[in-house]
Amino acid sequence: MPERILLKAFGMLAEKMGTDTLEVKNPGSSEVLKQQLLAQFPELKDMTFRMALDRKLLQADTDISQGQEIALLPPFSGG
Amino acid sequence: MPERILLKAFGMLAEKMGTDTLEVKNPGSSEVLKQQLLAQFPELKDMTFRMALDRKLLQADTDISQGQEIALLPPFSGG
Amino acid sequence: MEKVRSPKNIFVQGPISAEKIAQSISNHSSKTDIGGHSIFLGQIRADEKPEGKVLAIAYTAYEDMALEKAVEIREEIFSKYPLTCMHIHHSLGEIKVGEICLFVFTSSKHRKAAMQACDELVERIKAELPIWGKEILDSSATQWKVNT
Amino acid sequence: MEKVRSPKNIFVQGPISAEKIAQSISNHSSKTDIGGHSIFLGQIRADEKPEGKVLAIAYTAYEDMALEKAVEIREEIFSKYPLTCMHIHHSLGEIKVGEICLFVFTSSKHRKAAMQACDELVERIKAELPIWGKEILDSSATQWKVNT
């Protein structure tokens with residue numbers, strides 16, 4: 001049985017994707033996941049966003065293990 | 001009749017002089033007035049203070065006219 | 001031994017009231033080593049946009065990540081400045097024009113530390129906490145806020 | 001035409017209450033061009049001196065000169081920073097440890113102006129206003145405060 005991972009989307013990204021949670025097959029790394037998402041949601045291509053793994057911002061391509069929490073974060077605008 | 005001027009003293013200066021107002025004969029300039037005060041109140045010699053004329057700090061020796069308000073100001077410590 | 005801080009909740013549902021701010025100030029009167037408090041308040045502005053005038057901002061956050069990041073920021077600011085206290089409160093939900101959405105409060109023995117820490121905290125909150133504001137306009141359009 | 005400002009009273013008899021601060025914040029909720037408020041509060045510290053522990057500070061001022069100078073400082077700060085509002089309140093009389101003796105409040109569209117103006121105001125108030133604090137110690141001695 002392939003690993004499934006849970007994605008969370010926030011702000012404008014969740015709005016564009018039409019959902020704030022998404023369950024996908026674990027593609028193994030954050031960069032592969034990103035390419036998959038851009039293929040599935042072409043509207044993300046025009047948007048700036050970063051990814052977080054287990055609530056830490058990713059700075060580079062990173063392996064994803066089962067049970068980890070992935071999030072898609074548009075530019076912050078608190079305050 | 002010689003001109004009289006009114007002096008105001010504040011903070012530690014008023015405490016040392018034993019009064020917060022003093023009427024004196026107008027000596028004509030702030031520097032002469034200062035020397036007169038140091039002679040009359042020797043304890044002022046060890047103290048740092050500035051003078052104000054009509055509520056403006058004096059930067060240099062300044063003529064004093066009748067009716068002007070002279071004040072003796074120890075270092076500020078508000079806030 | 002390292003002091004372990006559990007993530008303190010910084011989020012408040014709805015606007016931050018002046019009474020809450022007053023209460024927070026009063027709570028510090030027993031801390032007699034404090035000489036200065038620095039407070040920053042963020043208030044919702046009725047900005048005029050091409051699409052309409054801002055009536056409110058609706059805030060959402062990735063709360064777990066924001067709380068973890070807030071702990072990290074707190075610890076870094078505490079180690080950088082000699083502070084007595086530091087408090088961060090950010091609103092979630094819809095906050096109307098004129099209401100307060102951010103309350104940052106630092107206290108120290110001498111004023112400089114509180115002031116510098118407060119400035120730095122506000123900058124870091126805006127740049128590093130995963131919080132998003134959606135502007136609600138009088139044209140009933142909405143628009144995602146962009147921090148500058 | 002030059003706007004003539006009559007000296008606004010900055011002095012308050014006794015300590016500044018948290019309720020007064022809350023009221024002042026609330027008064028600004030109708031000013032919908034404000035995005036940020038910066039507040040500084042000075043609180044009396046229980047400093048330990050060789051002669052005893054501070055219980056209170058008794059403030060006196062050359063009020064007429066202080067009010068004239070405060071007008072000058074206000075005008076200079078208003079011309080330097082794009083501020084919406086600026087308020088200064090300083091206590092006179094005896095203020096006990098833990099109580100608030102200085103309340104400086106600036107507001108602006110964007111946060112930087114309010115924060116920088118608030119810092120500069122506090123520095124100028126301490127350096128330029130003819131106000132004196134006499135520390136009342138638990139040994140019942142008194143000692144004139146020195147600003148550092």
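Each chain gets a letter, A, B and so on, in the order the sequences are listed, and its residues count up from 1.
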Portion of C:Ser30 that has a non-hydrogen atom of chain D nearer than 4.5 angstrom
neither

Side-chain touch C:Leu129/C:His90, heavy atoms, less than 4.5 angstrom:
no

What part of C:Ile34 is in contact with chain D, defined as an atom under 4.5 angstrom from a non-hydrogen atom: side chain, backbone, both or neither?
both

So which bits of residues 91-106 of chain D come within less than 4.5 Å of chain C, counting non-hydrogen atoms only?
D:Val97, D:Gly98, D:Ile100

Can you confirm whether D:Glu135 sits close enough to D:Glu51 that some side-chain heavy atom of one is under 4.5 Å from a side-chain heavy atom of the other?
no

Set out, in order, the CA-CA distance, both residues' side-chain angles and the distance that settles salt bridge (charged side-chain N to carboxylate O under 4.0 Å, His left out) for C:Lys112 and D:Glu123, then state yes or no.
CA-CA 10 Å; C:Lys112 293 277 187 194; D:Glu123 294 308 311; 3.3 Å; yes

Using the side-chain contact (heavy atoms from CB on, under 4.5 Å) rule, take C:Thr84 and C:His28 through it: C-alpha gap first, then chi angles, then the decisive distance, then the call.
CA-CA 10 Å; C:Thr84 313; C:His28 290 75; over 6 Å; no

Taking C:Ile39, C:Asp33, C:Ile21 one by one, which has the highest count of heavy-atom pairs under 4.5 Å against chain D?
C:Ile39

Of all of D:Ala22, D:Gly35, D:Gly36, which one pairs up most often with chain C through heavy atoms under 4.5 Å apart?
D:Gly35

Region of C:Asp119 in contact with chain D, defined by heavy-atom distances below 4.5 Å:
both

C:Lys109 versus chain D, heavy atoms under 4.5 Å apart: side chain, backbone, both or neither?
both

Looking at D:Ile44, D:Leu41, D:Val54, which makes the most heavy-atom pairs under 4.5 Å with chain C?
D:Leu41

Quick one: OG on D:Ser38 to CZ on D:Arg111, what's the gap to the nearest 0.5 Å?
11.5 Å

Do D:Ile10 and D:Ile125 come close enough that some side-chain heavy atom pair is under 4.5 Å?
no

Please tell me if the side chains of C:Tyr81 and C:Glu120 come closer than 4.5 Å, counting only heavy atoms from C-beta onward.
yes

Determine whether D:Arg45 and C:His110 make a side-chain contact, defined as any pair of heavy atoms from C-beta on separated by less than 4.5 Å.
yes

Would you indicate whether the side-chain heavy atoms of D:Lys31 and D:Ser107 approach each other to under 4.5 Å?
no

